[in-house]
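Below is one structure, written out as structure tokens; the observations come after it.
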Amino acid sequence: MSLSNIQQSASQHLPFGDQRGARFYGTDILSVNQFSKEDLAYIFGVAVEMREMVARVGTFDLLKGKILANLFYEPSTRTSSSFTAAMERLGGSVIPIHEVKYSSVSKGETLPDTIRTLECYADVIVLRHPEKGASAIAAKYSKKPILNAGDGVGEHPTQALLDLLTILEELGNVENLTVTMVGDLKYGRTVHSLSQLLSLYNVKLHYVSPDILRMPPEIIEELNQKGISQTEHSTLEQALPETDVLYVTRVQKERFDNPEDYEKVAGAFIIDPEIMKAAKKKMIVMHPLPRVGEISMDFDDDSRAAYFRQMEYGLFVRMALLALVLGKA
Ligand code: ASP
């Protein structure tokens, strides 16, 4: 599916008020597995519309009077600030809880009780938590929509949506692409979500990682059953020349029990201008960020370096999601 197809299909359904958006009203966004291709076309159509509105007027009152609780038990720069910016650009407001140590969580309050509290004050809750499955637990206790902003080593569905929109915007298409994921595929929740989302399309996946950080077998098995071609590698050489999207990830230091194990694999793969000579001229390099040395800064001016542009798509996707779950798109 190309972006112009997506925009075409979206323009049939916009302006705001179209019935298809109703399908998302009040919905939790917990996993990429909840989306069909049609859902993605619709969400991206709204995201493209959001981008146009931001370019035209900056801020508008679609969610005026609505309140978002931004609840982060783990560090975040892009996800938390883009959700805040998204809500404020739509005219809504935000309760920011970024330092749970200053909230009642530090007094031992449970996640269900914190969620029960915030749903009294907010219309929607964005949650980042160190435990896999935490968002699903939160959703059980909340009548307000929960948006999973990363649940430990589980998933990061809103990141995967913005990643897919980046691919579509940058390369115009997702069908028949070769996507190479490199780095920490074991603990990296972004690659868990993205690989599953990409399995809706006809793509070829390469996984490049140190042995101890390989893609979880259950994800490989799930994608095998969907007929997706997947190959694991310990070096980049084989995969790089045919790669259309090189998705680089940080080794997730905070997930290691033993710091020595981290030291052994940190810096295993570094993308720099020299290595990238073996890659296609028309391809992109993505990274969910933050980077901690996996992509050399010398590469930043290369037109294939898409990771800073990728961040911006996050704003439009999150504006679209907020509007959709609150029944306003
Ligand atoms: N920001 C991304 C995440 O929260 C990637 C990372 O932290 O390495 O998963």
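Start at 1 and go down the list; that is how both ligands and their atoms are numbered. What you are looking at is a predicted structure, and each value in this text was computed from that prediction instead of being measured.
No side-chain donor-acceptor contact under 3.5 Å links K204 and T178. Side-chain atoms of R128 and T79 form a donor-acceptor pair, as typed in the model, at a separation below 3.5 Å.
With salt bridges taken as basic N to acidic carboxylate O contacts below 4.0 Å, none links E119 and R116.
Protein residues with any heavy atom under 4.0 Å from ligand 1: R128, H156, R189, T190, R250, Q252, P288, L289, P290.
Two residues are said to be in side-chain contact when any heavy atoms from C-beta on lie closer than 4.5 Å; F44 and L168 meet this criterion. At a threshold of 4.5 Å between non-hydrogen side-chain atoms, the residues L40 and L200 count as touching.
The environment of CD in E312 is sparse: at most 12 heavy-atom neighbours from other residues, nucleotides or ligands sit within 6.0 Å.
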